[in-house]
Number of protein chains: 2
Amino acid sequence: MLAERRHQLILRALRSGGPAAVTDLSEQLGVSPATIRRDLVKLEEDGLLTRVHGGARAEEGDQPFAEVAEVRVAEKDAIAAHAAAMIKDGQSVLLDIGTTAYRLARQLHGRRLTVITSNLVVYEELADDEGIELVLLGGMVRREYRSLVGFLTEDNLRQLHADWLFLGTSGVRPGGQVMDTTVVEVPVKRAMIKASDKVVLLADAAKFPGTGMAKVCGPEDLDVVVTNAPVDPATRASLEEAGVAVALAGKAQA
Amino acid sequence: MLAERRHQLILRALRSGGPAAVTDLSEQLGVSPATIRRDLVKLEEDGLLTRVHGGARAEEGDQPFAEVAEVRVAEKDAIAAHAAAMIKDGQSVLLDIGTTAYRLARQLHGRRLTVITSNLVVYEELADDEGIELVLLGGMVRREYRSLVGFLTEDNLRQLHADWLFLGTSGVRPGGQVMDTTVVEVPVKRAMIKASDKVVLLADAAKFPGTGMAKVCGPEDLDVVVTNAPVDPATRASLEEAGVAVALAGKAQA
DNA sequence: ATCGAAATTGACGAGTTTTGACGAGAGGTG
DNA sequence: CACCTCTCGTCAAAACTCGTCAATTTCGAT
């Protein structure tokens, strides 16, 4: 039995059957518990599972930009699920850079949609999904953010139109301004807003009130904000004054 | 048992049955473990599998792409190496769709270059290479060919200029016309030619004379043809008449 | 046809990695 | 607190890898 093969089988067992004990895996694969334990150490180092006393459980999802993605996953998934429900089959969806849009992409599997994105993680997630018409925007590859930016991206966006834009953010200021920390992405985000019918901001509770040195847009550019906890009254007032609907996604479970 | 045949069988075994041990493959194919090991080394060099202790596993990803990629690997690599030597550090390189351009991309690791491409396999190959400034052209994702096409791609190309274009082909006709079988890619290839200073055609011996229903360009658009075996005299005459240099890549080793 | 160079294959031995076992210590449970 | 189970470190045996070498086949040239 090849080590590689064992690793695959262990991961499959954990993903389909939930957490499993070292002794069970040992019997199932016909090797000693010591070997299983060493396998688990390796797989944990690779971030593919989490060891618990007596066994292990599978790690949630894959690990594209794991450092950022692993915080507040449940909240982001709840928000993403709410957003996914807003989309009708056959529509076109523009997905922003960032982890929030990636969580949304994961919920779109099996749907019949056109997805337009400059988010390379979204591309990888949906690349194998036959039902999705996938359009990738051109641009310079930014490795650290797994995204495409630059004038090529903006040019492409001027030639397109989408039913929905789902926008991420680094934070929302009390006045309802959507902010971002990375300046180079702002022109892309603005072009996305122009290219879309309805603009939906995905922002978990930690984004209110938020920081970020560059302003992406004001509340007047938004149609809907999806979040997971009551927004502070001042921000909420600004949003409602601008005619933005604030949707609360189902309570996030830790 | 021919080495070529063994390689095919090994790859098939790995792709259908997952990771396999050297000893298993050895018994299955009726040759010694030493031979299998040497086969695995070769196949790993070609990027078709990954060796692990005790055996090997298939390189994940592109199944249909891999089928094409595994034929005439040595020839394509020799051509790619010759092409890579033509590029100077700091230059910008436009890489076409197809497996030939992918082999070239593999030779560019560690260089300081700007690489522009609509080839998703090239993107994946170079995505982790810090020295390469990577620009991805926009467009519709064509899953079966791992490429980006459409008017977005052409638009992007109109905004760019590269020092080199390395073009693949389905075949070259005796008159020197470069042909292709997939009609949708032809406008993209033409836009690439317009966006480049020097156009280099990469074509192994099997492409002369070649087929393909759509004409991409004539010999007058080419600057250099890199191949691996003497081109038939008629084609060669047409090329030289148009001022195209024909370069012969170092002898291909089977 | 015969010879010689080159490539391919199988075998052997040294060195490395992996595996299973044992015992001490830590963690969880009644 | 006692008991059981799990984890961790160490160690020897087994399996695997790598380099070298000889035997065989293939190919080109005389």
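Side-chain atoms are counted along with the backbone in the values below, which use heavy atoms only and exclude waters and symmetry mates. Proteins get letters first, then strands, A, B, ... in listed order; numbering begins at 1 in each.
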Under 3.5 Å side-chain donor-acceptor pair for [X] and [Y]:
X: A/E4; Y: B/H53; value: no
X: B/S170; Y: B/K207; value: no
X: B/T117; Y: B/N119; value: no
X: B/T23; Y: B/S26; value: no

(Q) Is the phosphate of D/dT5 approached by A/R37 (side-chain N or O, under 4.0 Å from OP1 or OP2)? (A) no
Q.
I need the residues from residues 21-29 of chain A with at least one non-hydrogen atom less than 4.0 Å from DNA chain C; give them sorted by number, or say none.
A. none
Sequence neighbours left out, what passes salt bridge (charged side-chain N to carboxylate O under 4.0 Å, His left out) with [X]? Give chain and number order.
X: B/E240; result: B/R236
X: B/D39; result: B/R6
X: B/R111; result: B/D89

Under 3.5 Å between N/O atoms: give me all the protein pairs with nucleotides 22-26 of chain D, atom names plus distance.
none

Q) Rounded to the nearest Å, what distance is computed from the CZ atom of residue B/R51 to the C1' atom of nucleotide C/dT16? A) 14 Å
Q.
Regarding A/V52, tell me which of base, sugar-phosphate or nothing describes its non-hydrogen contacts under 4.0 Å with the strands shown.
A. sugar-phosphate
Q: State plainly whether the residues B/K198 and B/D163 are in salt-bridge range, i.e. N to O under 4.0 Å.
A: no
**Q.** N-O pairing of B/E124 and B/R146 below 4.0 Å
**A.** yes
Q) Tell me, for nucleotides 17-30 of chain C in 5' to 3' order, what letter each nucleotide earns: B for a base near a protein heavy atom under 4.0 Å, S for only sugar-phosphate near one, - for neither? A) SSBB------S---
Q. Counting only heavy atoms not in B/E241, do more than 12 sit closer than 6.0 Å to its CD atom?
A. no
